[in-house]
*Asks:* 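First the structure, then my questions, so here it is.
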Protein chains: 2
Amino acid sequence: MDKQKDILNAALKLFTEFGFHGTPTSKIAQEAGVANGTLFHYFKTKDELIVALYVDIKKRLGFCVSKDIQAEDSIKETARKYYIAALHWGIDNETEFRYIQQFLSSPYVSMIPAELVEQSLAMINMIKEGIKQKLIKVTPAEYVMSIISSHLYGVNQYINSQKLSTTKQKQLINESFELVWKMIT
Amino acid sequence: MDKQKDILNAALKLFTEFGFHGTPTSKIAQEAGVANGTLFHYFKTKDELIVALYVDIKKRLGFCVSKDIQAEDSIKETARKYYIAALHWGIDNETEFRYIQQFLSSPYVSMIPAELVEQSLAMINMIKEGIKQKLIKVTPAEYVMSIISSHLYGVNQYINSQKLSTTKQKQLINESFELVWKMIT
DNA sequence: ACATTTGTGGAGTGATTAGTCAATCATAAA
DNA sequence: TTTATGATTGACTAATCACTCCACAAATGT
């Protein structure tokens, strides 16, 4: 009964299928089962909806990847948990994952609110700690972060394009972390 | 004096800056210094222009990465040449690179003409040969290809985001290839 | 010299779109 | 019961957009 959620869901579905360009707000409202005006009651402009959807997805992803992290975990264990949680999330939320990509390579990136940038700071700090402990040999931390993120992205895309069995997926996910870890240490 | 080229250049600039949605064909014509009708003389629809621009860029990239490859090169040498050429191209053609990303994560991907798909076959075959020779330990070839591509993408993005000196860039590029190579062998 | 094709311009058009607005409805506090 | 508040509606509009049309110019062939 939450119309705002309905609108976000409809927007996600249509934007990923037809692009920002190809989906009029009227279609989003229709898909969500609300009136045209209701959409603009919750989101002042179409742009605001586009950005709000990104923020919403990013928050859910952020929550999911950080929920299992424990303070006493080693650097490697922390890294593995982040990595594997993100990969699982990407597989279980293929559309959301595609939306993130689509958004990040669109001009809307520049509209990301400052509050959201802080989130990835935890991971950068973890990498910096790894470098300080001479565990991670590749520097600087931002470079490592960039490599890991894109690797994650590549593996995710591969898993989603091939429709592997759950067993194969699990195996690939674990192996792929070891691959990256070997590369940076 | 080649108006078709002018239109493609203008489209590249505006699409990457304002997105497909945010750039009307009229603005593209204006930026290119041609009349509205001229644009539609060369490209039947806006969609055709969007795809044609992708094909044009991809062809230029394809030419650039394969021009130095020699038949007698070893697998590793071939791989290095591909990798480094692509990276250099990405740095020298930042806008084109961004357009490729933008295009690939948009619904227009499905409009890529069949002729273009063949191009990446050469690289897949090289990887398959590497696997056959037991040089490359990670399988299947498509997975390796996915990993390398996304790594390339990540490094490129990092280099373009930080504005490194040319010396640092060269160093990073060479190191990054060894990093990937170590990972898959 | 003429005919034919090809390129170019830019005003014009019908359709579409983001966003508005005045009016209703639901709920609950006073 | 009254009043107030916010959610919800959908017809409406001003603007924009992709694309057409046709006149004319330049190049090309005969």
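A, B, ... follow the sequence lines: proteins, then strands. Residue 1 opens every chain.
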*Asks:* How would nucleotides 21-27 of chain D be written as a contact map, 5' to 3', with B for base contact, S for sugar-phosphate-only contact and - for no contact, using protein heavy atoms under 4.0 Å?
*Replies:* -------
*Asks:* Check the orientation of Tyr153(B) and Tyr153(A). Use parallel for under 30°, tilted for 30 to 60°, and perpendicular for over 60°.
*Replies:* parallel
*Asks:* Could you tell me the separation between the CD1 atom of Ile28(B) and the C1' atom of dG10(C), rounded to a whole number of Å?
*Replies:* 17 Å
*Asks:* Side chain of Phe40(A) only, heavy atoms from C-beta on: which candidate in dG19(C), dT8(C), dT9(D) is closest?
*Replies:* dG19(C)
*Asks:* List the atom of Ile173(B), the atom of Ser176(B), and the distance in Å for their closest heavy-atom pair.
*Replies:* O-OG, 3.1 Å
*Asks:* Relative to each other, are the rings of Phe20(A) and Phe103(A) parallel, tilted or perpendicular (30° and 60° limits)?
*Replies:* perpendicular
*Asks:* What pair of heavy atoms forms the shortest contact from Thr23(B) to Leu14(B), and how long is it?
*Replies:* CG2-O, 3.0 Å
*Asks:* Return the nearest nucleotide to the side chain of Asn36(A); candidates are dA11(D), dG10(C), dA7(D).
*Replies:* dA11(D)
*Asks:* If you compare all heavy atoms of Ile91(B) against all heavy atoms of Gln169(B), which two are closest, and at what distance to 0.1 Å?
*Replies:* CG2-OE1, 3.6 Å
*Asks:* Output the rounded distance in Å from CG (Leu39(B)) to P (dT20(D)).
*Replies:* 12 Å
*Asks:* Testing the basics here: between Ile147(B) and Ser150(B), what is the closest heavy-atom pair and its distance to 0.1 Å?
*Replies:* O-OG, 3.1 Å
*Asks:* Examine Phe63(B) and Ile100(B) and state if one hydrophobic cluster contains both, with Ile, Leu, Val, Met, Phe, Trp and Tyr joined whenever side-chain heavy atoms are less than 4.5 Å apart.
*Replies:* no
*Asks:* Nearest whole Å is fine: how far is dT17(C) C1' from Gln30(A) CD?
*Replies:* 14 Å
*Asks:* So if I take residues 43-55 of chain B and measure heavy-atom distances to DNA chain C, which residues fall below 4.0 Å?
*Replies:* none
*Asks:* Does NZ in Lys134(B) sit with more than 12 non-hydrogen atoms of other residues, nucleotides or ligands closer than 6.0 Å?
*Replies:* no
*Asks:* So which atom in Leu164(A) and which in Leu172(A) form the shortest heavy-atom distance, rounded to 0.1 Å?
*Replies:* CD1-CD2, 4.0 Å
*Asks:* Just to be sure I understand the geometry, which residues of residues 8-26 of chain A put a non-hydrogen atom under 4.0 Å away from DNA chain D?
*Replies:* none
*Asks:* Side chain of Val34(B): nearest nucleotide among dT8(D), dT8(C), dG9(C)?
*Replies:* dG9(C)
*Asks:* How long is the line joining NE2 of His41(B) and P of dG10(C), in whole Å?
*Replies:* 16 Å
*Asks:* Walk me through it: do Tyr82(A) and Ser66(A) pass the test side chain to side chain donor-acceptor pair (under 3.5 Å)?
*Replies:* CA-CA 7 Å; Tyr82(A) 272 135; Ser66(A) 52; over 6 Å; no
*Asks:* Working to the nearest 0.5 Å, report the span between CD1 of Ile112(B) and NZ of Lys58(B).
*Replies:* 7.0 Å
